[in-house]
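What follows is a short report on a single structure.
Residue numbers start at 1 and run along the sequence shown. Everything quoted here is computed from the prediction, not taken from an experiment.
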Amino acid sequence: MRLLLVEDDDHVAAALSAILAKHGFTVTHARSGEEALQAVLPTAQGERPSFGVILLDLGLPDQDGYQVCGRIRKLTTTPVIMVTARGDVRSRIHGLNLGADDYVVKPYDPGELLARIHAVSRRNVGTEETAGAVGAAEGALLRLGSVTIELPTRRVSVEGESVPLTRKEFDLLALLAQRPGVVFRREQIISEVWHTSWEGTGRTLEVHVASLRSKLRMPALIETVRGVGYRLVAPAA
């Protein structure tokens, strides 16, 4: 698998590249945000680079890493894993809102990083399958109080106002919304939305739930069932 490593520290990049190479990755190293953006642009022949994953360190010398992530997401659907020393939930949500697929906090274990890389690459392969499963009832329109979910077009609105969601946020909401009141186990959600059983994805699930509550401005819409999982509580019309 080809991987784009965006890291301004050459020593860190060399050490990480060596580890990744031992596990079968072909690494392209970008030292700045601008180099990263150039790396994902189509060639003069119109061909797009076939990176399997982009590993993006947020501490870049020329641009804010969050802005780079947002610009990368406009250019490609390649999974992006953010790497940062900031581990608070607000920073994680901000990164996910910009289109990041996962978030790794320094210092991290190389084994954890490799597991996350493999996890997001599997999720990307399964994105179209998930979209098909979510929209199985073609033409379906889910109305939950003031929330409207259009499964085929993957659009969500609250009181008629469109709410932009990331791919995984929509998949998560649609999964819960098709069976309001039913408790979905964390393991089940991770399996159906993220296509993995890796336990480390649990934290990513929590961040996505928090992001949905914030974007929809409905903290009570998704209820946490302690020790089990989550369920969607349909609001009054």
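Taking every heavy atom of both residues into account, Gly52 and Pro79 meet most closely at O-CD, 3.3 Å. Among all heavy-atom pairs drawn from Val80 and Cys69, the shortest one is CG1-SG, 4.2 Å. Scanning all heavy atoms of the two residues, the minimum distance from Thr166 to Lys215 falls at N-NZ, 4.0 Å. Contact detail for Ala36 and Leu4: the closest heavy-atom pair is O-CD2, 4.0 Å. Between Leu172 and His208, the shortest heavy-atom contact is CD2-CB, 3.9 Å. Shown here for Gly33 and Asp62, the closest heavy-atom pair between the two residues is N-OD1, 2.9 Å.
Note on Phe25 and Tyr108: same hydrophobic cluster, where clusters join Ile, Leu, Val, Met, Phe, Trp and Tyr whose side-chain heavy atoms are under 4.5 Å apart, directly or indirectly. In terms of hydrophobic clustering, with Ile, Leu, Val, Met, Phe, Trp and Tyr side chains grouped at heavy-atom distances under 4.5 Å, Leu176 and Val233 are assigned to different clusters.
The side chain to side chain contact (heavy atoms under 4.5 Å, CB included) search around Thr26 returns Arg2, not counting sequence neighbours. The salt bridge (Lys or Arg N to Asp or Glu O under 4.0 Å) check on Asp8 picks up nothing, with sequence neighbours excluded. Residues satisfying the salt bridge (Lys or Arg N to Asp or Glu O under 4.0 Å) test with Glu7, not counting sequence neighbours, are none. Thr224 meets the side chain to side chain donor-acceptor pair (under 3.5 Å) test with Arg213; sequence neighbours excluded. The side chain to side chain donor-acceptor pair (under 3.5 Å) check on Gln188 picks up Glu192, with sequence neighbours excluded. Every residue two or more places apart in sequence or in another chain that forms a side chain to side chain contact (heavy atoms under 4.5 Å, CB included) with Gln63 is listed here: Glu34, Leu37, Val68, Arg71. With sequence neighbours excluded, the residues satisfying side chain to side chain contact (heavy atoms under 4.5 Å, CB included) with Ala210 are Ile93. With sequence neighbours left out, the salt bridge (Lys or Arg N to Asp or Glu O under 4.0 Å) criterion links Glu161 to Arg217. Take Glu35 and apply the salt bridge (Lys or Arg N to Asp or Glu O under 4.0 Å) test, not counting sequence neighbours, and it matches no residue. For the side chain to side chain contact (heavy atoms under 4.5 Å, CB included) test, residues two or more places apart in sequence or in another chain that qualify with Thr153 are Glu150, Arg155.
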| request: Begin from the C-alpha positions of Leu151 and Phe170 and carry the test side chain to side chain contact (heavy atoms under 4.5 Å, CB included) through to its verdict. | output: CA-CA 9 Å; Leu151 297 180; Phe170 180 88; 4.3 Å; yes
| task | I would like to know whether Met218 and Val147 meet side chain to side chain contact (heavy atoms under 4.5 Å, CB included); could you show each step before the answer? | result | CA-CA 10 Å; Met218 294 182 175; Val147 181; 3.6 Å; yes
| request: Go through the steps for Leu165 and Val163 under the test side chain to side chain contact (heavy atoms under 4.5 Å, CB included), then give the verdict. | output: CA-CA 6 Å; Leu165 301 180; Val163 179; 4.0 Å; yes
| message | Between Leu141 and Thr148, does the side chain to side chain contact (heavy atoms under 4.5 Å, CB included) criterion hold? Intermediate values first, please. | response | CA-CA 7 Å; Leu141 187 70; Thr148 300; 3.6 Å; yes
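Salt bridge annotation for Asp101-Arg73: present, with a cationic side-chain nitrogen under 4.0 angstrom from a carboxylate oxygen.
Without hydrogens or angle criteria, Gln178 side chain to Ala174 main chain gives a donor-acceptor distance under 3.5 Å. Between the side chain of Arg186 and the backbone N or O of Tyr230, no donor-acceptor pair lies under 3.5 Å.
Looking at heavy atoms from C-beta onward, Ile189 lies in side-chain contact with Leu205 at the 4.5 angstrom threshold. Looking only at side-chain heavy atoms (C-beta outward), Ile54 and Ile81 stay at 4.5 Å or farther from each other. In this structure the side chain of Val156 reaches within 4.5 angstrom of the side chain of Leu216, judged on heavy atoms. Looking only at side-chain heavy atoms (C-beta outward), Leu56 and Val83 stay at 4.5 Å or farther from each other. Residues Arg116 and Val104 meet the side-chain proximity criterion, which asks for heavy atoms closer than 4.5 Å. Using a 4.5 Å heavy-atom threshold, the side chains of Trp194 and Lys168 count as touching. You'll find the side chain of Arg154 reaches within 4.5 Å of the side chain of Asp171, heavy atoms only. Two residues are said to be in side-chain contact when any heavy atoms from C-beta on lie closer than 4.5 Å; Leu60 and Ser32 fail this criterion.
Applying the side-chain hydrogen bond (donor to acceptor under 3.5 Å, both in side chains) test to every pair with at least one member in residues 9-21, sequence neighbours left out, gives these pairs: Asp10-Arg31.
Interatomic distance, CG of Leu20 versus CG of Leu114, reported as 6.0 Å (0.5 Å rounding). The CG atom of Leu5 sits 9.5 Å away from the OG1 atom of Thr28 when rounded to the nearest 0.5 Å. With rounding to the nearest 0.5 angstrom, the CG atom of Leu55 is 11.5 Å from the CE atom of Met82. Note that the CG atom of Leu173 and the CD1 atom of Ile222 stand 6.0 Å from one another [nearest 0.5 Å]. With values rounded to the nearest 0.5 angstrom, Ile149 atom CD1 is found 5.0 Å from Leu142 atom CG.
By the 4.5 Å side-chain criterion applied to Ile, Leu, Val, Met, Phe, Trp and Tyr, Val225 is assigned to a cluster that also includes Val183, Val228.
Two rings, from Tyr103 and His94, have their centers 6.0 Å or more apart.
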